[in-house]
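Beneath this line is the structure, given in structure tokens, with notes to follow.
For ligands, and for the atoms within them, numbers begin at 1 and follow the listed sequence.
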Amino acid sequence: MFYEYDLIIIGAGPAGLTAAIYARRALLKTLILEKTLPGGKLNKTEDVDNYPGFTSIKGPELATKMTEHAKYYEIDWEQGEVTKVEKKNKRFIVKTNEANIFNSKAIIIASGAIENKLKIKGEEELTNLGVSYCAICDGFLFREKVVVVVGGGYSALETVLYMSNIASKVYLVHRRTDFRAGKEIVEKVKNNSKIVIFSNSILDEIVGNQKVEKVIISNLISNEISELSTDAVFPCIGLSPLSNFTHELGICDQQNYIFIRDDCSTLVPGLFAAGDVARNNENKIKQIVTATAEGAIAAQSVIKYLENF
Ligand SMILES: Cc1cc2nc3c(=O)[nH]c(=O)nc-3n(C[C@H](O)[C@H](O)[C@H](O)COP(=O)(O)OP(=O)(O)OC[C@H]3O[C@@H](n4cnc5c(N)ncnc54)[C@H](O)[C@@H]3O)c2cc1C
């Protein structure tokens, strides 16, 4: 354990673990702080079929492989939830919920984001049994099946279009009439014969025994209640970045994503961010491969930053 680290990485998901590999190979004194299991969201993923090098691999297995790879470089590791990051006289002070305090010259925040939940009956019980928060990941499981997508923003519209190439029918349930997305994508959705739109409607319940079987929706104007038979539900009502502990630093955009430049730097010198918690535009793809890519970029940027420290 060092008194002062060159680099502290917050979060040991794909972005943080990749950053750790690159940082340790450049011999930076590096500490990873992780609040739960290393591997991040990989631990919640059944099959990963789109990460190069693995035709198909279980999420937790990929998590173990990435963690072993990072630990191979003898990295310092502490379990704890980061609650605050401060900067004083060019140095960072990182506090955790266990009242531990760590110091470093640079930071990479790789704390990820969490999917917003519908908070309705059946959602939690049927997660991974037809309820999925990632169509790119799980959509393939519903070839020629009927699926429901919930939401009215870009991610929902992209998901319905994506699923229209895979499923036999796609229902889009949206609580308003207008969509929060560009005209072009809205027109594409409206003109797609496989997509059926339920506007002014919300999902009340997801029903199924060991797998999704149907949803109950209600129309907010007519109060009419209907049932739709379906094999899957994809809630696409946004992600919430896990960036609360940075808010005093003023580095987030309006949706609380950490704003990053192409080199993963933030508005605070020495503070970098990577993966799902960070973005420089609203259309960023949030996948393992983009998280690992940014982890590598962030670590290389830290190496450059420390050369002139
Ligand atoms: C169900 C599901 C299936 C998916 N399937 C695929 C797929 O097949 N292919 C694909 O490419 N992508 C998939 N994804 C997306 C992919 O998992 C994410 O894009 C990727 O994990 C993002 O990596 P990350 O390192 O940025 O964040 P995460 O993986 O979320 O890791 C962040 C880590 O930071 C930790 N952390 C958070 N806050 C703190 C704190 N305050 N202090 C300390 N630690 C903290 C978390 O515990 C976590 O371990 C899927 C996502 C889900 C939810």
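- Taking a cut-off of under 4.0 Å to the non-hydrogen atoms of Gly40, the atoms of ligand 1 that pass are 29 (O), 31 (O), 48 (C), 49 (O).
- Between the side chains of Ser104 and Asp6, no donor-acceptor pair of N or O atoms lies under 3.5 Å.
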Would you sort out whether Tyr133 and Phe234 count as a ring-ring contact (aromatic ring centres under 6.0 Å, His included), showing the intermediate values? CA-CA 6 Å; Tyr133 299 88; Phe234 292 94; 9.1 Å; no
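- Each of the atoms 25 (O), 26 (O) of ligand 1 lies under 4.0 Å from some heavy atom of Ala15.
- Residue-ligand proximity, Thr36 to ligand 1, at heavy-atom distances under 4.0 Å covers atoms 47 (O).
- At the shortest separation from atom 35 (C) of ligand 1 among protein heavy atoms lies Glu34 OE1, 3.2 Å.
- Atoms of ligand 1 lying under 4.0 Å from any heavy atom of Phe245, numbered from 1 in the order shown and given with element: 41 (N).
- Cation-pi geometry between Arg143 and Phe140 is met: the NZ or CZ atom falls under 6.0 Å from the ring centre, inside 45° of the normal.
- Under a 4.0 angstrom heavy-atom cut-off, Glu115 registers as being in contact with ligand 1.
- Among protein heavy atoms, atom 20 (C) of ligand 1 sits closest to Asp276 OD2, 3.9 Å.
- An N or O contact shorter than 3.5 Å links Gln287 to ligand 1 by distance.
- With salt bridges taken as basic N to acidic carboxylate O contacts below 4.0 Å, one links Arg279 and Asp253.
- If you check which protein heavy atom lies closest to atom 16 (C) of ligand 1, you get Ile288 CG1, 3.9 Å.
- Shown in contact with Leu37 at under 4.0 Å from a heavy atom are these atoms of ligand 1, numbered in order with element: 49 (O).
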Side chain to side chain contact (heavy atoms under 4.5 Å, CB included) for Leu31 and Leu7? Distances and angles first, verdict last. CA-CA 6 Å; Leu31 170 70; Leu7 171 64; over 6 Å; no
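- Contact atoms of ligand 1 toward Leu33: 43 (C), 44 (N) (distance under 4.0 Å to a heavy atom of the residue).
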Between side-chain atoms of residues 185-196 and protein atoms elsewhere (two or more places apart, or another chain), which donor-acceptor pairs fall under 3.5 Å?
residue : atom : partner : partner atom : Å
Asn191  : ND2  : Glu187  : O            : 3.1
Asn192  : OD1  : Lys194  : N            : 2.9
Asn192  : ND2  : Ser164  : OG           : 3.1
Lys194  : NZ   : Ser164  : O            : 2.8
Lys194  : NZ   : Ala167  : O            : 2.9

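- If you look at Leu17 next to ligand 1, there are no close heavy atoms at all, none under 4.0 Å.
- Within 6.0 Å of CD on Glu124 lie no more than 12 heavy atoms contributed by other residues, nucleotides or ligands.
- Of all atoms in ligand 1, listed by their number and element, those nearer than 4.0 Å to a heavy atom of Gly275 are 26 (O).
- By heavy-atom distance, the residue among Glu78, Lys286, Lys41, Gln79 lying nearest atom 15 (C) of ligand 1 is Lys286.
- Heavy-atom contacts from other residues, nucleotides or ligands closer than 6.0 Å to CD of Glu282 number 12 or fewer.
- Side chains of Asn103 and Tyr5: a donor-acceptor N/O pair is absent below 3.5 angstrom, by distance only.
- Of the N or O atoms in Pro14, one or more lie within a sub-3.5 Å distance of an N or O in ligand 1.
- Protein heavy atom in closest approach to atom 9 (N) of ligand 1: Asn50 OD1, 2.8 Å.
- Every atom of ligand 1 is numbered from 1 in the order shown, and the set under 4.0 Å from a heavy atom of Gly80 is 42 (N), 43 (C).
- Nearest heavy-atom pair, Thr67 versus Gly39, reported as atom, atom and distance to 0.1 Å: OG1-N, 4.3 Å.
- Only backbone heavy atoms of Ala110 (N, CA, C or O) come within less than 4.0 Å of ligand 1; its side chain stays farther off.
- Closest protein heavy atom to atom 4 (C) of ligand 1: Cys137 SG, 3.0 Å.
- Counting heavy atoms under 4.0 Å from ligand 1, residue Tyr51 does not touch it at all.
- Taking both residues in full, the closest heavy atoms of Ala106 and Val302 are given as CB-CG1, 3.8 Å, listed atom of the first, atom of the second, then distance.
- Geometric assessment of Lys105 against the ring of Phe92 yields a negative cation-pi assignment under the 6.0 Å and 45° thresholds.
- For atom 45 (C) of ligand 1, the closest non-hydrogen atom of the protein is Lys35 CG, 3.7 Å.
- Closest to atom 40 (C) of ligand 1 among all protein heavy atoms lies Val82 N, 3.6 Å.
- Taking the six-membered ring for Trp and the full ring otherwise, Phe198 and His174 have centroids separated by 6.0 Å or more.
- Side chain to side chain, Thr83 and Asn97 fail the donor-acceptor criterion of an N or O pair below 3.5 Å.
- Nearest non-hydrogen protein atom to atom 34 (O) of ligand 1 is Gly11 CA, 3.2 Å.
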